[in-house]
Amino acid sequence: MRLSQLAGRRLVAGIPILWLIVLFMIPFLIVFRISFSEVRLAIPPYTPLITWHHGSPSLEVHWSAYKFLFTDSLYISSYLYSLKVAAVSTLCCLLLGYPMAYAIARAQPSVRSVLLMLIILPFWTSFLLRVYAWIGLLKNNGVINNVLLYLHVIKEPLALLQTDFAVYIGIVYSYLPFMILPLYANLEKHDPALLEAAADLGARPFTAFRRVTLPQSLPGILAGSLLVFIPAVGEYVIPTLLGRTDQIMIGRVLSDEFFENRDWPVASAVAILILLILVIPIMLFQRAQRRELEGAS
Amino acid sequence: MFSRTMLVLGLIFLYVPILSMIVFSFNNSRLVTVWDAANSPTLKWYGALAHNGQILGAAWLSIRIALVSATFAVILGTLAGMALARFGNFRGRTLLAGMTTAPIVMPEVITGLSLLLLFVALSQLIGWPRGVGAVTITLAHITFCMAYVTVVVQSRLTGFDESLEEAAMDLGARPLKVFFRITLPLILPAIASGWLLAFTLSWDDLVITQFVAGPGSSTLPMVIFSKVRFGVTPDVNALATIMVLLVATGIAISTVWMRLREKRRARDLQLAAAANL
């Protein structure tokens with residue numbers, strides 16, 4: 001390889017690496033560092049990491065932000081609540097998304113691209129407005145209640161908005177394409193001959209599905225579930241617009257600590273704790289992504 | 001059979017909210033979800049929208065930010081995608097691969113917080129940026145949009161083998177020429193859809209933007225969010241309808257364009273095959 005070519009390659013890879021180090025990696029180090037400070041009334045509103053006493057530096061590490069998170073039950077409960085909401089929503093997404101992806105993968109090739117387009121199209125329209133649409137549907141005098149009252153299914157309007165149910169609906173609705181697309185990419189590659197062979201050997205359709213299709217589609221299930229679960233844990237917009245007022249999710253806690261209480265160290269500590277639980281899922285996702293992008297060649 | 005039923009139900013689930021928003025944008029009543037049959041359909045909320053300076057101003061800011069962010073994100077994402085798909089095992093590869101996939105799943109509150117803390121630290125250290133606003137929003141948007149562009153470009157490039165590029169190199173073409181004559185035309189569809197994706201993500205983002213925005217730099221999602229937080233407003237329905245129409249038109253145009261390109265490619269291949277006979 002010529003020297004100029006090598007320099008060119010360094011430039012091509014170096015520019016995005018440099019950009020991401022400055023705007024993605026260093027910011028996390030700053031969050032990490034501020035989580036070990038104490039809040040103070042100054043600019044910036046936290047204590048410095050290194051202080052100077054008579055010309056010699058001394059390291060000042062405060063654990064108070066973390067201690068605070070474990071003493072007030074608000075934080076623990078919203079942390080656990082977020083994990084529960086994300087897990088239930090991911091499961092619902094999978095239960096709805098898997099049959100949908102399966103049906104698309106088994107459809108005629110000409111219909112398939114139209115169906116895929118229909119799945120992706122909502123994703124291109126505003127996420128915020130799609131969540132907002134559910135307020136109009138779920139409200140006490142909203143569309144769903146009006147229809148049910150009109151059909152005499154119910155006598156009193158159901159309280160649907162500001163419930164866990166509304167948050168599940170919102171998350172499943174917003175993240176469904178992220179579940180379907182990796183599942184479809186996986187299911188589409190399956191060889192139908194395997195199912196025929198299973199049928200020839202006397203397996204009922206459900207047994208063939210359970211023993212042949214399902215195990216083969218595990219990578220797709222994993223990729224789709226991670227794409228839903230990880231962002232859902234820190235979800236902010238959906239629970240704020242549709243969710244309960246007596247139980248908030250951890251993403252809202254972080255935002256409130258920062259904007260309302262102006263407590264940067266506690267907000268940073270919350271961020272670190274969210275990351276701590278997501279580090280393994282994120283690494284799993286990266287491995288799946290690497291396989292998908294590099295195994296294709 | 002079961003899976004087909006679920007597909008139909010799922011598609012209904014996906015489209016009913018959007019359709020209900022469109023229908024109620026023509027409703028006369030302020031009580032968004034109660035249909036006022038006597039005076040509807042009406043275009044009055046569209047008229048109100050046209051005179052809402054706050055929404056129009058925010059939309060204009062959002063468009064400008066999205067145009068700049070998408071363009072820079074495409075440049076950076078294409079470089080990253082090229083490096084990951086074509087450079088083999090270079091030093092820093094794992095780092096780059098990790099830093100381009102993580103932003104896709106990272107909860108937005110964390111990305112937003114960390115970027116704001118970076119801007120605050122930078123302005124103390126080097127005096128730049130001076131305060132938060134359109135510039136910091138754009139920098140943040142470029143960063144999370146480029147991750148998506150990288151994935152799109154990388155997966156398109158891994159779909160093509162390197163033989164064309166290698167052949168051009170063997171014939172003595174310089175790397176830059178190879179890129180502009182061979183690689184770029186191959187990945188142009190990926191670059192186009194990457195740009196559209198980046199534009200949409202930037203145009204749509206609320207959470208990260210809220211962290212890095214300042215007074216006087218409210219983007220359209222921020223204005224919408226502050227309105228709908230306290231209930232449903234009919235002019236937002238009208239706005240949503242306009243946005244859905246724009247997106248649907250855009251998708252239709254790009255689909256037709258892609259189809260035409262593919263057809264032309266198939267014809268070229270046929271001609272080439274015929275010439276070889």
Side-chain angles (χ1 to χ4, degrees), chain A residues 5 8-9 12-13 15-17 19-20 23-28 30-31 34 44 96 99-100 102-103 118 121-122 124-130 132-137 139 141-143 227 230-231 233-234 236-237 241 251 254-255 258 267 271 274-275 282 285-286 289-290 293-294 296-297, chain B residues 2-4 6-7 10-11 13-14 17-18 20-21 24 32-34 76 79-80 82-83 87 90 92 95-99 101-103 105 107-110 113-115 117-118 120-121 124 139 143 146 154-155 158-159 175 200 204 206-207 221 224-225 228-229 232 236 240 243-244 247 251:
Chain A
Q5 199 181 336
R9 285 193 164 198
V12 168
I15 293 171
I17 290 181
W19 182 283
L20 286 167
L23 280 124
F24 188 71
M25 208 157 82
I26 291 179
F28 283 111
I30 297 176
V31 171
I34 292 179
L96 177 62
M100 289 177 75
Y102 189 86
L118 283 175
L121 202 62
W124 287 91
T125 63
S126 166
F127 160 76
L128 179 59
L129 288 175
R130 278 180 296 133
Y132 155 80
W134 279 100
I135 303 180
L137 292 174
K139 277 197 324 176
N141 59 350
V143 174
L227 268 173
I230 303 171
V233 169
Y236 169 83
V237 175
L241 290 182
L254 191 161
S255 170
F258 189 82
I274 302 177
L275 275 181
I282 289 175
F285 171 74
Q286 290 185 329
Q289 188 79 4
R290 215 164 39 233
L293 285 173
E294 283 156 30
S297 55
Chain B
F2 167 71
S3 64
R4 280 203 196 154
M6 290 298 273
L7 180 60
L11 285 173
F13 174 63
L14 281 180
I18 297 175
S20 89
M21 253 189 323
F24 282 102
V32 186
T33 51
V34 183
L76 287 167
L79 292 177
M82 288 261 308
F87 291 0
F90 60 94
L95 184 68
L96 182 60
M99 288 194 302
T101 45
V105 285
E108 287 188 290
V109 279
I110 298 180
L113 175 72
S114 64
L115 278 167
L117 294 180
L118 169 82
V120 171
Q124 275 172 348
L139 286 173
T143 307
M146 75 171 276
Q154 189 190 352
S155 61
T158 34
T200 315
D204 202 24
L206 169 71
V207 180
I224 296 175
F225 187 65
V228 302
R229 239 187 129 152
V232 203
V236 173
M243 279 162 67
V244 168
V247 168
I251 298 261

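Numbered from 1 within each chain, the chains take letters A, B, ... in sequence-line order.
- Here the side chains of A:Phe127 and B:Thr200 are not in contact, with every heavy-atom distance at 4.5 Å or above.
- Most heavy-atom pairs under 4.5 Å with chain B: of the set A:Ile282, A:Thr125, A:Leu23, A:Val31, this distinction falls to A:Leu23.
- A:Leu241 touches chain B through its side chain: at least one heavy atom from C-beta onward sits under 4.5 Å away, while N, CA, C and O do not.
- For a residue to count as touching a neighbouring chain, one of its non-hydrogen atoms must lie under 4.5 Å from one of that chain's; by this rule A:Trp19 touches chain B with the side chain only.
- Residues B:Thr101 and A:Arg290 have side chains not in contact (no heavy-atom distance under 4.5 Å, counting atoms from C-beta outward).
- For A:Leu118, the parts lying near chain B are the backbone and the side chain together; criterion is any non-hydrogen pair under 4.5 Å.
- In this structure, chain B has heavy atoms under 4.5 Å from both the backbone and the side chain of A:Phe28.
- Within the 4.5 angstrom heavy-atom criterion, atoms from both the backbone and the side chain of B:Ser155 approach chain A.
- Interface residue B:Val109: backbone and side-chain heavy atoms are both found under 4.5 Å from chain A.
- Taking chain A as the reference chain and counting heavy-atom pairs below 4.5 Å, the highest number among B:Met6, B:Met99, B:Gln124 is found for B:Met99.
- Here A:Ala103 is the residue among A:Pro231, A:Gly251, A:Ala103 with the most heavy-atom pairs under 4.5 Å with chain B.
- For the set A:Ser255, A:Ala133, A:Pro16, A:Gly234, the count of heavy-atom pairs under 4.5 angstrom toward chain B peaks at A:Pro16.
- Comparing A:Pro122, A:Ala267, A:Gly8, A:Ala271 by heavy-atom pairs within less than 4.5 Å of chain B, the highest count is held by A:Pro122.
- Considering only heavy atoms from C-beta on, B:Met21 comes within 4.5 Å of A:Tyr132 through its side chain.
- For a residue to count as touching a neighbouring chain, one of its non-hydrogen atoms must lie under 4.5 Å from one of that chain's; by this rule B:Leu115 touches chain A with backbone and side chain alike.
- Using a 4.5 Å heavy-atom cutoff, the side chains of B:Glu108 and A:Val237 are not in contact.
- Contacts of A:Val233 with chain B are absent, with no heavy-atom separation under 4.5 Å from either backbone or side chain.
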